[in-house]
Amino acid sequence: MVVAAVALGGFVVLVGPDASVQRAAVMAGVLLASRFGGKRGQALPALGLATLVLLLADPWQSTQPGFALSVVATAGILVWATPVEAWLRVRTRLPRAVALPLAVAAVAQFSCAPLLLLLQTGLSTGGVLANLLAAPAAPLGTAAGMIALLLLPASATLGGGALWLAVWPARWIEAAGVVGVSPPGARLYWPAGWGGALALTAVYVLGAVALTLGRSGGARHRGWPKQASVPPGRRLAIRAVAGVAAGVTVGVSIAVPATVRFGVPGDWAVAACDVGQGDAVLVRDPERPEQVMLVDTGDDEAALETCLALFGVTRVALLVLSHDHRDHVGALGAVLSISEAALVPPESAENTGMPLAERVRRAGVTAVTGEIGMTGGSAPAAAGLGWEVLGPQPLESYPDENSTSLVLRVTVAGVSLLLLGDTGGPEQVPLMREGGRPTADVVKVAHHGSKNQAAGFYDVLGSRVALISVGAENRYGHPNPQLVDTITAAGNVVLRTDELGSVAITVRQGELGYWNAGRRSSAVLRSGTGTRKNSMSLCPAKPGKYR
C-alpha cells in the first residue's frame with residue numbers, strides 16, 4: 001500500500017496538479033486507505049476528511065459536477081461494492097475476477113445517476129457495460145503512457161515505442177464506449193433536472209427502506225436475509241414498498257416512452273423537432289413515409305437523434321441546410337451517415353472556415369448549392385412531395401450567413417409549407433414583390449420569431465399554421481411578443497416548440513391538425529439507424545432543374 005501511495009504521488013507530479021487530477025488522486029488515496037484499514041468504518045471518515053481538505057483548498061470545487069460525481073461515486077463504491085460483489089458471487093456464481101469489476105461499475109453508475117440527471121436526460125445502463133469492458137485497458141494505457149513520458153526525454157525511440165503501446169488500450173477504451181451506447185436500452189428515459197433527480201432519489205429511498213426491512217426482519221444467509229424467516233406482516237410491507245419503487249421506475253422509464261411513441265400520428269406530414277434554440281423540421285408524404293426531407297439539424301445531436309427516433313426516421317432522403325450557423329447545422333454529424341443528398345446555401349463573407357458544402361461532401365454525401373428556381377421531390381414526382389427554392393436572391397457577395405438562408409416552398413399531401421430559415425426583413429421584401437408573392441398553408445416563422453421581419457409579410461401569406469422553433473427561456477427574447485400577436489391576428493394557429501415540445505402536423509381530407517409531445521419530447525431515445533436507401537435525389541433533370 002505504501003508503494004502504491006508513493007507511485008500515486010509521483011504520477012500526480014508527472015501529470016500535473018490540475019483540480020481534476022488532485023481530486024482523482026485524493027479519491028484513489030481514500031480507496032487505498034480503506035484497503036489498508038480493511039473496514040468501511042475507517043474508509044468513510046477518510047473520504048469525509050479528503051472532501052473537506054479539497055474544499056478548503058478550493059471551495060469553488062463545490063460548484064463543479066466532477067467534484068460531486070467523484071465524491072458520490074467513491075462513497076457508493078466504499079459502501080456497496082463489497083456486498084454487491086458478495087451477492088453476485090452467491091446468486092450468480094460469478095468468479096471474483098468478474099463479480100468485483102461488475103459490482104464497482106454498477107455501484108458507481110447507480111450512485112451517480114441522480115447527479116447525472118442534472119446534466120442530461122436519461123439513465124445510462126450501457127455505462128456499466130462500457131466501464132466493465134474498459135476496466136482492463138485503463139491501467140495498461142495509463143502505465144504505458146506514464147512510461148512514455150519518462151522515456152521520451154531520454155530516448156525518442158524507446159519513448160515512441162511505449163507511446164505506440166499506449167495507443168492500443170486507448171483504442172480499446174474508445175471501442176468500449178461505442179459498445180456501451182450501441183445496444184437497445186443502453187439509455188433509459190428519465191426526466192432531467194431537479195425534478196428527475198428528486199424522483200430517482202425517492203425511488204432509491206424506497207428501495208433502501210425495503211432492503212432495510214428485509215435485513216432487519218429475519219435470520220441472515222450469507223449476508224442476506226432468508227425470505228422464509230421474515231414475518232408475514234413485514235414481508236407484505238417489503239413487497240408494497242418495493243412494488244411502489246418498481247412501479248415508478250417502470251412507469252417513468254418504459255411506460256412514458258411507450259405512450260409517447262404510440263401517440264405519434266402515423267400519417268404526420270410535417271414535424272418540428274424540439275432541439276432547443278435551433279431549427280430542425282421533418283417533411284414527408286404520408287403515402288411514402290420512407291421519403292423524408294430534413295431541413296436543418298439544430299445544435300444538439302442528442303435532441304435531434306431523439307426527435308428522429310420519436311418520428312421513426314432512420315434515413316434522410318434530402319438534407320436541406322438553410323445556412324451555416326450552429327443553431328441550424330451544429331448537429332450535422334448526427335445525420336450525415338444516414339443522408340442521401342444535401343441542398344446547401346451559397347457561401348457568405350462571414351464564413352472563414354471550411355465551406356459547408358465541402359464538409360458535407362467529405363462525409364460522402366452529394367451536395368448541391370441551392371439557387372432560385374430549383375425544384376425537386378420524390379421519384380416519381382406524383383408521389384406527393386415537391387419543393388422549390390425561392391431564395392436567396394442571387395448576389396455577387398452575401399454579407400452574412402443569415403442573408404444566404406435558403407427559402408423553400410414544399411408541397412406535401414396537398415398543402416404547402418414555407419420554410420424561411422433565418423431570413424430578415426431585407427431578404428423577405430423581394431418575396432413580396434408583385435408576381436412573386438409566396439402563399440402557404442403552413443409557415444416556419446423566420447429566425448425563431450425574431451422581430452427582424454418585413455412589415456406585412458405574414459399578412460399576405462394566407463397561412464393557417466405558424467411553426468416557431470425556439471428554445472425555452474432563451475437569452476434572445478425569441479419569439480418577439482408583437483410578432484406572435486401579428487401572426488395570430490393574420491389567422492394562424494401558432495405552434496411553439498418551447499411550449500409544446502416536438503410538434504407533428506397532419507393533413508386529413510384537406511384539414512390541418514397537430515399533435516405535440518410536450519415535455520416528453522425527449523422520452524424516446526434513438527436505438528440505431530437503418531440502412532435502407534431512399535430514392536429522392538439531386539440528379540440533374542434538365543438545366544436549372546433538379547429532382
Can you confirm whether [X] sits close enough to [Y] that some side-chain heavy atom of one is under 4.5 Å from a side-chain heavy atom of the other?
{"X": "S502", "Y": "N516", "result": "no"}
{"X": "R359", "Y": "L336", "result": "no"}
{"X": "C307", "Y": "L282", "result": "yes"}

**OP:** Show your working on side chain to side chain contact (heavy atoms under 4.5 Å, CB included) between L129 and V179 and close with a plain yes or no.
**Re:** CA-CA 8 Å; L129 175 61; V179 171; 4.0 Å; yes
Subject >> Charged N-O contact under 4.0 Å between E499 and R496 >> reply: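 R496 and E499: salt-bridged.
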Original post:
Is a salt bridge present between R315 and E340, judged by a nitrogen-to-oxygen distance below 4.0 Å?
Top reply: yes
Original post:
Which heavy-atom pair separates Y458 from A490 by the least distance, and what is that distance?
Top reply: O-CB, 3.9 Å
**OP:** Taking the six-membered ring for Trp and the full ring for Phe, Tyr or His, determine whether the centres of H447 and H328 are under 6.0 Å apart.
**Re:**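 Ring centroids of H447 and H328 are no less than 6.0 Å from each other.
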**OP:** Give a yes or no on this: more than 12 heavy atoms of other residues, nucleotides or ligands lie within 6.0 Å of atom CZ of F457.
**Re:**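 Atom CZ in F457 is packed in, count exceeds 12.
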Original post:
Just wondering, are more than 12 heavy atoms of other shown residues or ligands nearer than 6.0 Å to CH2 in W515?
Top reply: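 Yes, the 6.0 Å shell around CH2 holds more than 12 heavy atoms from other groups.
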Subject >> Partner of E401 under side-chain contact (heavy atoms from CB on, under 4.5 Å), chosen from D422, L356, D324, V329 >> reply: D324
Counting only N and O atoms by type, is there a donor-acceptor contact under 3.5 Å from the side chain of [X] to the main-chain atoms of [Y]?
{"X": "S339", "Y": "L319", "value": "no"}
{"X": "N131", "Y": "A134", "value": "no"}
{"X": "N474", "Y": "Y476", "value": "yes"}
{"X": "R361", "Y": "T366", "value": "no"}
{"X": "D285", "Y": "L385", "value": "no"}

Between [Y] and [X], is there a side-chain donor-acceptor contact under 3.5 Å, judged purely by atom types and distance?
{"X": "D299", "Y": "H325", "answer": "no"}
{"X": "Q428", "Y": "Q453", "answer": "yes"}
{"X": "D400", "Y": "S348", "answer": "no"}
{"X": "H478", "Y": "S450", "answer": "no"}

Original post:
salt bridge (charged side-chain N to carboxylate O under 4.0 Å, His left out): which pairs involve residues 271-281, sequence neighbours left out?
Top reply: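 Sorted pair list: D279-K444.
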**OP:** Can you run down the salt bridge (charged side-chain N to carboxylate O under 4.0 Å, His left out) pairs that involve residues 502-515, sequence neighbours left out, and say none if there aren't any?
**Re:** D267-R508
